[in-house]
Asks: 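Right, I'll just put the structure down here and ask away after.
Because the structure is predicted, anything quoted here is derived from the model rather than measured.
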Amino acid sequence: MIDFSSIESKWRKRWQDEKYFEADPNEKKKFFVTVAYPYPNSPQHIGHGRTYTLADVHARFMRMCGYNVLFPMGFHYTGTPILGMARRVQENDKELIDAFRTIYKVPEQNIKEFVEPVKIASYFHQEIKTGMIEMGYSIDWRREFTTIDPVYNKFIEWQFRKLKSKNLVIQGSHPVGWCPKDQNPVSQHDTIGDVEPSFTEYVLIKFRYNKYIIPTATLRPETIFGVTNLWVNPVTLYKIVDVNGENWIVSAECARKLEFMDKKINIIDEISGSALVGKTVRVPERNDQITILPASFVKSGNGTGVVMSVPAHAPFDYQALEDIKKNTMNLEQDVLNVVMAIKPISIIQTEGYGEIPAKEITEKFKIDSQNSPRLEEATKELYSKEFYEGRLKNNTGQFAGKKITDVKEDVKNWILQQNNADVLFELNDNPIRCRCGAECVVKILNDQWFLDYSNKNWKEDAHSCINEMKILPEDIRNEFNHVVDWLRERACARQHGLGTKLPWDKDWIVESLSDSVIYMAYYILAKYVNKKQITPDNLGDEFFDYIFLGDGDSKKVASSCKIAETLLGNIKNEFTYFYPVNARHSGRDLVPNHLTFFVFNHIAIFPKKYWPEAIVVNGSVLMDGKKMSKSMGNIIPLRDAIQIYGADPIRLAILISAELLQDADFNLEAVKGIKNKLENMLEDCSIYKLNEKSNLHQEDKWLLSRLQQLVLETTSAMEKMRLREALHYVLYQFDSDMQWYLKRTNAKNRTDVSSTIHNVLSTRVAMLSPFAPHIAEEMWEKLGNIDLVSKSLWPSVDNDAIDSIALQRENLLKSTMDDIRNILKVTKIIPKKIIIYTSDAWKNKAYQKILINVIKGEMNIGVLIKSLISDKETEHVKKNPDFVKKTVNDILSEPIESREIKAKTGFIDEKEILLELDSLTQKDFDVNVQVFSESDPQKYDPKNKARTARPYKPAILIE
RNA sequence: GCGGGAGUUGCCAAGCCUGGCCAAAGGCGCAGGGCUUAGGACCCUGUCUUUUAGGAGUUCGUGGGUUCAAAUCCCACCUUCCGCACCA
């Protein structure tokens, strides 16, 4: 049993003492790796560990490749969730406080302080940082900062002034989910049940009734041409409301919603639904009169509480009309006459439907009442069919012949322009409650600040940056481009939360996804801030302009900022040395926001030479195949896991379970398996020593050749950040080769294998070290090294060590052993004699010819046979045409490189090689092996097997 | 709806970009053996069907196509997961 924790702390201390991860400019090439900094509202769990571990492996790998790697970390205090948490602590929220106690194990003393948001942030900040150190992340901690540090605030102010001066920050109105009690926008984690407050935009069509306006809410403004009547619910008590000087008749719920739509509302009177029944209203744009009818499906809470009826295309309306004709509502005779006269007005032509689609679909769904639950479904089906495929008919004026999807927005704007319509936003999952208990609404904010991501030029630059950038994995590049396309103006300031005040409007705080887009540049400053060489006083925009953009005169800047000119120069040089970011790591959930904003803002602020070079995106982590969540109770805090299993096994378990973009399934089974593997490797490292040079046998040469292949494959996987694959090579791939090697040396009773194995182990440990840095140091030490493996160079392929002849000889032995084993398996005989026949000389010649042809792409059997027969040396093929076919198959079933090696090395003396089998068969089956040539007249061949021999595929007889 | 994925041998999961080392890695599970006082851990062997000669047959969501050759390329379809904004 290995004590991971003591090994890990031992090496962590050594790293710290040697300050190896502290990166300052030097003569080496630099590599700047960053990860999205954490939001400290809870401790890290295994899931967070993935992105940081990936970045750390990347950093460590690049360091071993000879780069001066900077890998820094900051903490994102900005935002509202921590604020909300503090408020809940103030209110003594039991659920939250219990979570602090039981899940996060926060000491009682600290929980008491959590009424202050900053205390929460700084508590978890330290917790997360400690976890990162314990995980062995090679972070330069001198550059740590938080987003509420005063210098950071100055930096963000600079960023925003810069954006504003480029007209990329604009002001406008914007609908948001809103809590009327808190007077604040609500987001998902502000609501009870974590419901995302999404909303739909309805068009209100204004129908005129005397001096009143009766607005109806619709998603289909184009159906105004097909309206035949209005629906009210007779039992609803409607309000007469003064809305910006007009008298509207709407439900009480609607009146309340309108208040938040930036309108002046004054309730004047009320009127019952039944009193409206039978009255006529004027249809806007059409100028004809229609009647108001009663319907029970009309809900006062939806829209305005009044619905316009389009019976030809709306199943609800069609069915309500059918219902009313049965006169169960006791309508007066003259109203009933009107009802009977109503004919649906067909305005949309859709393939597969006739004149009255609503009728057809209600019949198809077998609907018999307006209260049928299937009506929703029917509506949905018809609506989407008509929306995507339907065309407006001739009775729709200027819109005739157009597709609904193309014309919908135009119809809306047309009616709006005539002041015959308005807009109403409505929450989708009504009711949504704020954590404070109040019911949320949609509010239109008027003086909201936006980052104008819809700016065309900006988008174009973003596309070109993304297209020039390295994006790993490549699969996700399209997604980035698509995000750039659909991104619109984004609100970049809010009224509450921690963060930086908007420099020109101190009522607003820069929103958290907008103050975290170019902070990688700030890591350069953070080192000097932490050393107290930069203070927030006197720090103006000219400072940032000078450092980051190279604008201004250093003397002037130095004096206005009261900073020594040499210091200013040093900072600037450090920035130009480390920037741009070479790799930005993050989870894939940040693709549609942070990562894309990161690109946008870099483009806007920095010159092209500082645009980011690469983005690396990873998937999330599942726990035993399930999503981690507080409610499932399957969140393992990272630090707990480290304590139990050790940092290295966790790092490996996370990395080996999935390739970059896939979700990684973490489970304890895997951790145990890995732990075991590491223990075995460590043991091997203490056994095999570097002895004096002994003569290399064939199998040593073979193993060392294979090792080169391993290095090549691993390195290429690392370069593509295919860490699962790379780790797999290092940890497992080599085992079967190692086994063969041991089997061979064992059979030969060799005792001089230590050096070769030591050589192999050293290479593997070096390649393991970015992944499992602590235990790799321990192994490295056991292998007899004094220096750190972290400081060693990544193994490179030694082409001289690749012995293609040894490779082929061993392959022949292996495959022949496999064949023998196969025969024994099938026949179940216990061998007393094993006889092997190597193929005739002409076959070898024919093989080479076929091989060359196949490499050239000629594998037509007929053509091959013809050319072989035409040559005297290989004319024997005539008697044995099957040989050609089998040989071609043999060759095709081999990798292309090995075909080429075979072509290059040419004929090998199989008989001589196969004699080496003897030691193996003796060991495995206690039988000696005899080798004959097919053409040997003296051979023992009672079953006439020898003639089936092919090159690299000797015939075998077992008795 | 828009956009992006995924479907592989009992399960999880690689392979697909770059067609031929593919009956298809690895892990788990299962079976047998070793080790052990026993259990666990560990190690070995096996794990589509068939076969007393290293072979053959049928497989990679479904159906077509391209090719000497398809899990891999193309087309269509079915099923399924994720993101869609003021939120870190």
Asks: More 5' along RNA chain B: P592(A) or E511(A), using each one's nearest nucleotide?
Replies: P592(A)
Asks: Have a look at L513(A) and say if it touches a base, only the backbone sugar-phosphate, or nothing, with a 4.0 Å heavy-atom cut-off.
Replies: base
Asks: Applying a 3.5 Å limit to both distances, which nucleotide forms a Watson-Crick or G-U wobble pair with C42(B)?
Replies: G34(B)
Asks: So, S839(A) versus R950(A): side-chain donor-acceptor pair below 3.5 Å or not?
Replies: no
Asks: Take the protein atom CG of L710(A) and the nucleotide atom C1' of A25(B), then report the distance between them rounded to whole Å.
Replies: 15 Å
Asks: Among the candidates C43(B), G26(B), G55(B), find the nucleotide nearest to the side-chain atoms of H728(A).
Replies: G26(B)
Asks: Can you check whether I82(A)'s main-chain N or O pairs, donor with acceptor, with Y39(A)'s side chain at less than 3.5 Å?
Replies: yes
Asks: Listed by chain and number, what are the salt bridge (Lys or Arg N to Asp or Glu O under 4.0 Å) partners of E683(A), not counting sequence neighbours?
Replies: none
Asks: What's T948(A) touching, base or sugar-phosphate or nothing? Going by heavy atoms closer than 4.0 Å.
Replies: base
Asks: Considering residues at least two apart in sequence or located in another chain, which fulfil the ring pair (Phe, Tyr, Trp, His ring centres under 6.0 Å) criterion with H594(A)?
Replies: none
Asks: Answer yes or no: does a side-chain N or O of S512(A) lie under 4.0 Å from OP1 or OP2 of C87(B)?
Replies: no
Asks: In whole Å, measure the gap between the C1' atoms of C73(B) and A85(B) for me.
Replies: 38 Å
Asks: Of all the nucleotides listed (A85(B), C86(B), G83(B)), which has the minimum atom distance to the side chain of A491(A)?
Replies: C86(B)
Asks: Would you measure the distance from the P atom in G39(B) across to the matching atom in C22(B) and give it in whole Å?
Replies: 38 Å
Asks: Give A955(A) one of three labels, base, sugar-phosphate or nothing, depending on what nucleic acid heavy atoms sit under 4.0 Å from its own.
Replies: base
Asks: Within the 4.0 Å heavy-atom criterion, would you say H76(A) contacts the bases, only the backbone, or no part of the nucleic acid?
Replies: sugar-phosphate
Asks: Could you tell me the Watson-Crick or G-U partner of A56(B), where both distances fall under 3.5 Å? Say none if there is no partner.
Replies: U49(B)
Asks: Whole angstroms only, please: what is the CD1-C1' distance between I656(A) and C28(B)?
Replies: 14 Å
Asks: Between K953(A) and D819(A), is there a salt bridge with N-O shorter than 4.0 Å?
Replies: yes
Asks: Pick base, sugar-phosphate or nothing for S516(A), based on heavy-atom distances below 4.0 Å to the nucleic acid.
Replies: nothing
Asks: When the distance from NZ of K886(A) to C1' of G54(B) is rounded to whole Å, what number comes out?
Replies: 11 Å
Asks: Just the rounded figure in Å: distance from C1' of G55(B) to CG of N889(A).
Replies: 13 Å
Asks: Is R706(A) salt-bridged to E810(A), going by a charged N under 4.0 Å from an acidic O?
Replies: no
Asks: Measure CD1/I509(A) against C1'/A88(B) and give the value in whole Å, please.
Replies: 16 Å
Asks: Among the candidates C87(B), A85(B), G4(B), find the nucleotide nearest to the side-chain atoms of P81(A).
Replies: C87(B)
Asks: Take atom CE of M681(A) and atom C1' of C42(B), then tell me their distance rounded to the nearest Å.
Replies: 18 Å
Asks: May I ask which nucleotide in the shown strands pairs with C2(B), Watson-Crick or G-U wobble, both distances under 3.5 Å?
Replies: G83(B)
Asks: If you measure from the C1' atom in G29(B) to the same atom in C11(B), how many Å do you get, rounded?
Replies: 7 Å
Asks: Quickly work out the L892(A) CG to G20(B) C1' distance and round it to whole Å.
Replies: 6 Å
Asks: Which is true for P954(A) with a 4.0 Å heavy-atom rule: it touches a base, it touches only sugar-phosphate, or it touches nothing?
Replies: base
Asks: Of the options G54(B), A88(B), G3(B), whose atoms approach the side-chain atoms of N593(A) most closely?
Replies: A88(B)
Asks: Any salt bridge linking K720(A) with E725(A)? Criterion: basic side-chain nitrogen under 4.0 Å from a carboxylate oxygen.
Replies: no
Asks: Closer than 4.0 Å, any side-chain N/O of R724(A) to the OP1 or OP2 of A25(B)?
Replies: no
Asks: Identify the nucleotide, in any strand shown, that forms a Watson-Crick or G-U wobble pair with C21(B), with both distances under 3.5 Å; if there is none, say none.
Replies: none
Asks: Taking atom P of C86(B) as reference, at what distance in whole Å does atom CZ of F597(A) sit?
Replies: 11 Å
Asks: Relative to the 5' end of RNA chain B, which residue comes earlier, D818(A) or R722(A), by the nucleotide with the nearest heavy atom?
Replies: R722(A)
Asks: Sequence neighbours left out, what passes side-chain hydrogen bond (donor to acceptor under 3.5 Å, both in side chains) with T500(A)? Give chain and number order.
Replies: N153(A)
Asks: Between A53(B) and G15(B), how far is it from one P atom to the other, in whole Å?
Replies: 38 Å
Asks: Would you measure the distance from the C1' atom in C48(B) across to the matching atom in C30(B) and give it in whole Å?
Replies: 15 Å
Asks: Could you tell me whether the phosphate oxygens of C84(B), OP1 or OP2, come under 4.0 Å of any side-chain nitrogen or oxygen in R490(A)?
Replies: no
Asks: Can you identify which nucleotide, out of C86(B), G54(B), A85(B), has its nearest atom closest to the F450(A) side chain?
Replies: C86(B)
Asks: List for me each residue that meets side-chain hydrogen bond (donor to acceptor under 3.5 Å, both in side chains) alongside Q709(A), sequence neighbours excluded, and say none if there are none.
Replies: none
Asks: In the 5'-to-3' direction, what one-character label does each nucleotide of nucleotides 45-53 of chain B receive under the scheme B = base within less than 4.0 Å of a protein heavy atom, S = sugar-phosphate only, - = no such atom?
Replies: --S----BB
Asks: For G54(B), does the base pair up with any side-chain atom of N822(A) as donor and acceptor (N or O, under 3.5 Å, distance only)?
Replies: no
Asks: Check the phosphate of C87(B) against R494(A), side-chain N and O only, distance under 4.0 Å to OP1 or OP2. Yes or no?
Replies: yes
Asks: For T78(A), check side chain to side chain contact (heavy atoms under 4.5 Å, CB included) against everything at least two apart and list the hits.
Replies: H76(A), T147(A), S512(A), D515(A)
Asks: Using the C1' atom as the point on both nucleotides, what is the distance between U52(B) and A76(B), in whole Å?
Replies: 48 Å
Asks: How are the rings of Y453(A) and F600(A) set relative to one another: parallel (under 30°), tilted (30 to 60°) or perpendicular (over 60°)?
Replies: tilted
Asks: What integer number of Å spans the P atoms of U72(B) and C21(B)?
Replies: 14 Å
Asks: Considering only atom P, compute the distance from C82(B) to A31(B) and round it to an integer number of Å.
Replies: 36 Å
Asks: May I ask which nucleotide in the shown strands pairs with C73(B), Watson-Crick or G-U wobble, both distances under 3.5 Å?
Replies: G65(B)
